[in-house]
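This chain uses plain numbering: 1 for the first residue, then up along the sequence. All values derive from a computational prediction rather than experimental measurement.
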Amino acid sequence: MRDEGFEGRCPWCGSDPFYVAYHDEEWGRPERDGRALFEKLILDGFQAGLAWITILRKREGFRAAFDSFEPERIAHYGEADVARLLADPGIVRHRGKIEATIAGARAWTKMGGAEPFSRFLWDFTGGAPIVNSFERMSDVPAETPLSRELSKALKSRGFKFCGPTIVYAFMQATGMVNDHLIGCPARRV
């Protein structure tokens, strides 16, 4: 993991190497791969009530436990898989979030898979990132009318743990919105 000491980097990542690498190399970059979008949505749901660094540090454990976040496989999980996941110390062991992952995988497959899922999400932004111009972290909203709309649409299709705040964090993470602060070298606008 690298830390080039970006002057003016968004302060939320602090100096933790995981956070810095995530901020500099991943957060806010447009993601269009439908399987990767599924993974990020699920991980943002698991973050509910926890610090993102907890999820980030366990991401490889999540990938191992959830078959590399292959929705087609997860959609077939049953109670034995739920029990296996509840016993796995490499992930956040929360029955509701595990069951939400399975429900999300089933919803993803019903939507037609990777390409239709990506299109569905990006249609909410007109296919391009929404670029905000915030100067301070205190200016960045926790949710927006658009995140409320997308949250409602995801829930109507069977996704869970995708409230408006989780969805806004997801939109930021996947570059659907660019909330790198003005002056942040990772902003790349």
Side-chain angles (χ1 to χ4, degrees), residues 18 21-48 50 52 55-56 58-78 81-82 85 88 90-92 94 96-132 143-180 186 188-189:
F18 281 107
Y22 176 70
H23 170 275
D24 293 356
E25 300 167 13
E26 193 174 340
W27 191 78
R29 296 210 180 170
E31 177 61 70
R32 295 187 185 272
D33 177 85
R35 203 243 10 112
L37 288 164
F38 172 78
E39 175 181 337
K40 288 184 178 190
L41 181 61
I42 296 303
L43 290 176
D44 273 314
F46 267 98
Q47 189 231 336
L50 303 169
W52 177 244
I55 303 304
L56 202 53
K58 289 181 175 273
R59 182 160 52 173
E60 291 309 315
F62 275 105
R63 286 175 174 159
F66 283 100
D67 289 312
S68 299
F69 285 102
E70 292 295 337
E72 298 93 343
R73 294 184 71 173
I74 298 168
H76 296 289
Y77 282 10
D81 295 292
V82 173
L85 292 163
D88 189 334
I91 67 168
V92 173
H94 184 287
K97 293 175 182 181
I98 291 168
E99 290 175 347
T101 300
I102 298 166
R106 292 174 181 159
W108 186 92
T109 57
K110 283 182 189 171
M111 291 175 74
E115 190 175 320
F117 184 62
S118 178
R119 238 186 354 262
F120 164 79
L121 294 170
W122 280 96
D123 280 351
F124 279 84
T125 66
I130 295 168
V131 180
N132 291 315
E143 64 179 66
T144 64
L146 185 58
S147 75
R148 289 190 286 276
E149 183 183 343
L150 179 51
S151 169
K152 185 176 178 181
L154 285 164
K155 288 178 182 178
S156 76
R157 283 163 177 77
F159 288 88
K160 299 175 181 179
F161 277 93
C162 59
T165 301
I166 290 169
V167 167
Y168 194 68
F170 165 77
M171 293 173 75
Q172 292 172 310
T174 60
M176 293 175 70
V177 295
N178 183 341
D179 277 351
H180 282 286
R188 295 181 181 98
V189 179

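- Not counting sequence neighbours, E31 has no partner by the salt bridge (Lys or Arg N to Asp or Glu O under 4.0 Å) test.
- Judged by distance alone, with hydrogens and angles left aside, the side-chain atoms of S118 form no donor-acceptor pair with the main-chain N or O of E115 at under 3.5 Å.
- The aromatic ring centroids of F117 and F159 lie less than 6.0 Å from each other.
- Put simply, CG on L85 and CZ on F66 are 4.5 Å apart, with the number rounded to the nearest 0.5 Å.
- With values rounded to the nearest 0.5 angstrom, I166 atom CD1 is found 10.0 Å from I42 atom CD1.
- Under the 4.5 Å side-chain criterion, counting only non-hydrogen atoms from C-beta, L121 is in contact with L154.
- Distance check, rounded to the nearest 0.5 Å: CD of Q47 to CD1 of I55 gives 6.5 Å.
- The residues R63 and E60 are annotated as salt-bridged, a charged nitrogen and a carboxylate oxygen being separated by less than 4.0 angstrom.
- Residue N132 forms a side-chain hydrogen bond (donor to acceptor under 3.5 Å, both in side chains) with just one option from D179, T144, N178, and that option is D179.
- By the 30° and 60° cut-offs, the orientation of the rings of W27 relative to H180 is perpendicular.
- The side-chain heavy atoms of W108 and E72, taken from C-beta on, include a pair separated by under 4.5 Å.
- Atoms CZ and CD1, from R59 and I91 in turn, are 15.5 Å apart once rounded to the nearest 0.5 Å.
- Side-chain N or O atoms of D81 include one that pairs as donor or acceptor with a backbone N or O of G78 at under 3.5 Å.
- Within the 4.5 Å cutoff, no side-chain heavy atoms of Y77 are placed close to those of I98.
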Using side-chain contact (heavy atoms from CB on, under 4.5 Å), reason through F120 and R157 one step at a time and then give a plain yes or no. CA-CA 11 Å; F120 164 79; R157 283 163 177 77; 3.4 Å; yes
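- Taking CZ from R29 and CG from D24, the interatomic distance works out to 8.0 Å, rounded to the nearest 0.5 Å.
- Put simply, CZ on R32 and CE on M176 are 9.0 Å apart, with the number rounded to the nearest 0.5 Å.
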